[in-house]
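Read through the structure below, which is laid out as structure tokens, and then see the notes.
We count ligands from 1, going down the list as the structure has it; atoms in each ligand are counted the same way. Position 1 is the first residue of the sequence, and the numbers go up from there.
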Amino acid sequence: MSALLSRRAFLASTAAIALARPSFAATIKPDAKSALIVVDVQNCFVDGGTLPVKGGAQVVPVINKLASAFENIVVTQDWHTPGHASFASTHAGKKPFETTQMPYGTQVLWPDHCVQGSDDAALLKDLKLPTAQLVIRKGFHKDVDSYSAFEEADRKTATGLAAYLKARGVDTVFVTGLATDFCVAWTALDARKLGFNVYVIEDATRGIDLNGSLAAAWKQMTEAGVKRIQSSDIA
Ligand code: VGL
Ligand code: ZN
């Protein structure tokens, strides 16, 4: 009995400590080896766009503010061909948000979105990143999707971003943008796989949440060692 009581007391005391402390006690200060990755903050993914993410435009002021803390900023754009393989309209009898089998695995089918050169594919005009140095456009191979900024969905074709970051001595990435459970998560997971320290800044992202995909993405990211933080954690 005393063992049970002391275990209870122990649990109560650790709970009190957990409550008294923020999860990241120290603020995080990005340095010269850190890069901010701003994923797909494009017209297609906000209200009025072809694949709107709820509250998508709300990430803009958060990201604009974060930008001043970073020497290195990389921006990505989803950049599909007309008739892209990830579009439901490309597959007879398929509707958006259904899936199909591709040679590289299961593919979610989306409404036509982010077609190369369209206004829909442009970055949000309120996104102010004057110091950003690189824009990676992805998903431009007609038959292969690319959620990740690092590697296409065939899991073979590199975008070049890892080599770019490594050549510049970057070892830590902070991922923001749209959508948390697709392009942000795949980018963060690949960054871990490639050996980077990875933070996802939650309030600088918004999710699509298709059949529980948002919770699943956070679980997968956390298990892979991705750190989930808030913009207020950044110094
Ligand atoms: C995305 C679905 C399709 C994203 C891109 O940016 O998260 N999601 N294409
Ligand atoms: Zn896409």
H113 heavy atoms, cut-off 4.0 Å: which ligand 1 atoms fall inside? 3 (C), 9 (N)
With Y147, the side chain to side chain contact (heavy atoms under 4.5 Å, CB included) member among V108, T187, D181, L189: V108
Does the side chain to side chain contact (heavy atoms under 4.5 Å, CB included) test come out yes or no for V200 and T205, once each step is laid out? CA-CA 8 Å; V200 170; T205 72; 4.0 Å; yes
Residue, atom and distance of the protein heavy atom nearest atom 5 (C) of ligand 1 read D78 OD2, 3.1 Å
Element-labelled atoms of ligand 1 that are located less than 4.0 Å from some non-hydrogen atom of W110: 2 (C), 3 (C)
Any K33 side-chain heavy atom under 4.5 Å of T172 side chain: no
Quick one: which ligand 1 atoms are inside 4.0 Å of a heavy atom on C183? 1 (C), 4 (C), 5 (C), 6 (O), 7 (O)
What one should report as the nearest heavy-atom pair of G93 and E98 is O-OE1, 4.1 Å
SB check E151 R155 (cutoff 4.0 Å): yes
Test of understanding: given a 4.0 Å heavy-atom threshold, classify the contact between L178 and ligand 1 as side chain, backbone, both, or neither. backbone
Go through the side-chain N and O atoms of Q101 and T106 and say whether any donor and acceptor fall under 3.5 Å apart. yes
Please assess F182 against I208 for the test side chain to side chain contact (heavy atoms under 4.5 Å, CB included), listing each intermediate value before the final yes or no. CA-CA 8 Å; F182 289 91; I208 293 175; 3.7 Å; yes
Have H113 and D78 got a donor and an acceptor in their side chains that come within less than 3.5 Å? yes
For D40, the ligand 1 atoms whose distance to one of its heavy atoms is below 4.0 Å: 4 (C), 6 (O)
Protein N/O/S atoms under 2.8 Å of the Zn ion (ligand 2)? D78 OD2, H80 NE2, H113 NE2
Would you check whether V184 has a nitrogen or oxygen atom less than 3.5 angstrom from a nitrogen or oxygen atom of ligand 1? no
Give a yes/no on ligand 1: does F45 have at least one heavy atom closer than 4.0 angstrom to it? yes
Quick one: list whatever passes ring-ring contact (aromatic ring centres under 6.0 Å, His included) with F70, sequence neighbours left out. F174
Check: H91 side chain, A85 main-chain N or O, donor-acceptor pair, under 3.5 Å: yes
